[in-house]
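The structure presented is a predicted model; accordingly, all values stated were derived computationally and were not measured.
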Amino acid sequence: MLSNQRIQELELLMDFERVAECLKEVSSWIEKVGRRRLKETLNLDDSLEMLLQAQKQFRDFDLVASEYCRRGQEALKKMDRWEDFSSVDVQPYRGKLQACREQLEEFCTQLDESRHRLSETVRLYEFFDKVRGGICCLGDAVKS
């Protein structure tokens, strides 16, 4: 029974090595590209035209970022069975997986929040643009 458990642990270690490369790539992209691009969405311009342009650029980024999030989540899901093992050999890997999971969850949450904030800001600016247009038309009607 101990031999079988040890074999399973060794198989998991080999699985981790395969999955680790994917997680390393996802983590590197988040740190080098993803976080920087998300910070750029914090400084939104004051015109509807510029916001629409920022939204278009964000959509392109969002497609790529969502793909990295999906790949990272799939890789982590493959390693869910690690939770059942308490071996000392597995502990360092469990810590690495937890760090990757936390980084990925934080980034994906920030991505969702940025997507929502940008969308709501554009909707608000479109509303104000319509109101401003209505007020101008109303002013012109009163003058005539």
Side-chain angles (χ1 to χ4, degrees), residues 1-140:
M1 194 164 157
L2 286 174
S3 176
N4 285 341
Q5 182 180 0
R6 185 65 181 152
I7 289 170
Q8 286 178 333
E9 288 173 0
L10 291 173
E11 288 173 352
L12 285 174
L13 292 174
M14 290 185 330
D15 285 348
F16 179 82
E17 294 302 324
R18 286 189 289 270
V19 170
E21 196 58 40
C22 176
L23 292 174
K24 190 182 300 181
E25 180 184 338
V26 169
S27 178
S28 176
W29 184 87
I30 287 172
E31 292 304 319
K32 292 178 180 174
V33 178
R35 291 195 193 283
R36 179 181 50 80
R37 292 290 305 271
L38 282 179
K39 285 180 184 176
E40 291 172 4
T41 64
L42 295 176
N43 303 319
L44 299 174
D45 290 311
D46 290 338
S47 73
L48 179 57
E49 182 180 320
M50 295 301 287
L51 278 172
L52 291 171
Q53 184 178 355
Q55 187 179 41
K56 182 188 178 312
Q57 291 171 350
F58 182 82
R59 284 184 181 141
D60 295 339
F61 162 72
D62 189 24
L63 287 173
V64 174
S66 295
E67 178 61 20
Y68 274 98
C69 288
R70 185 193 61 75
R71 288 176 51 205
Q73 290 165 345
E74 285 179 2
L76 287 169
K77 191 172 189 164
K78 290 178 184 177
M79 302 314 301
D80 280 347
R81 60 187 186 155
W82 277 75
E83 300 302 319
D84 298 337
F85 289 90
S86 58
S87 167
V88 174
D89 294 337
V90 174
Q91 292 303 326
Y93 296 98
R94 185 176 287 139
K96 289 178 183 180
L97 286 173
Q98 185 59 34
C100 288
R101 180 174 281 113
E102 289 170 3
Q103 178 196 39
L104 186 64
E105 287 174 359
E106 177 190 2
F107 178 77
C108 292
T109 298
Q110 289 173 350
L111 181 66
D112 289 341
E113 289 170 354
S114 293
R115 183 184 311 116
H116 180 73
R117 184 179 62 254
L118 185 57
S119 175
E120 289 300 309
T121 303
V122 167
R123 286 181 46 196
L124 186 61
Y125 270 72
E126 287 172 337
F127 172 76
F128 284 140
D129 219 36
K130 287 178 185 177
V131 169
R132 190 178 358 215
I135 290 173
C136 291
C137 291
L138 183 62
D140 290 342

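- Annotation for L51 and L118: closest pair CD2-CD1, 4.3 Å, computed over non-hydrogen atoms.
- By the side chain to side chain donor-acceptor pair (under 3.5 Å) test, S66 is found to be paired with D62, residues two or more places apart in sequence or in another chain being considered.
- Ion pairing between R123 and E126 fails under the 4.0 Å rule for side-chain N and carboxylate O.
- E25 places none of its side-chain heavy atoms less than 4.5 Å from the side chain of E21.
- Judged as a ring-ring contact (aromatic ring centres under 6.0 Å, His included), and not counting sequence neighbours, the contacts of F61 are W29, F58.
- Counting non-hydrogen atoms of other residues, nucleotides and ligands closer than 6.0 Å to CD of E49 gives a total of 12 or fewer.
- Look at E74 and R71 and you find no salt bridge, because none of the NZ, NE, NH1 or NH2 atoms lies under 4.0 Å from a carboxylate O.
- Proximity of K32 to R36: side-chain heavy atoms (C-beta onward) are nowhere separated by under 4.5 Å.
- In this structure, CD on Q98 lies 9.0 Å from CG on L76, to the nearest 0.5 angstrom.
- Taking the side chain as every heavy atom from C-beta outward, L23 and L104 never approach each other to under 4.5 Å.
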For this session: Walk me through it: do L38 and F107 pass the test side-chain contact (heavy atoms from CB on, under 4.5 Å)?
Result: CA-CA 9 Å; L38 282 179; F107 178 77; 3.4 Å; yes
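- When the options H116, R115, Q110 are evaluated for a side-chain hydrogen bond (donor to acceptor under 3.5 Å, both in side chains) with D112, the one that passes is R115.
- With rounding to the nearest 0.5 Å, the separation of OH in Y68 from OG in S27 is 11.5 Å.
- To the nearest 0.5 Å, atoms SG (C108) and CD (Q103) are separated by 9.5 Å.
- For the atom pair CD (Q55) and CG (L48), the distance works out to 9.5 Å, reported to the nearest 0.5 Å.
- Counting heavy atoms from C-beta on, the side chains of E11 and I7 come closer than 4.5 Å.
- Atom OG of S114 and atom CD of E40 lie 11.0 Å apart (nearest 0.5 Å).
- Checking side-chain atoms of T109 against main-chain N and O of E105 turns up a donor-acceptor pair under 3.5 Å.
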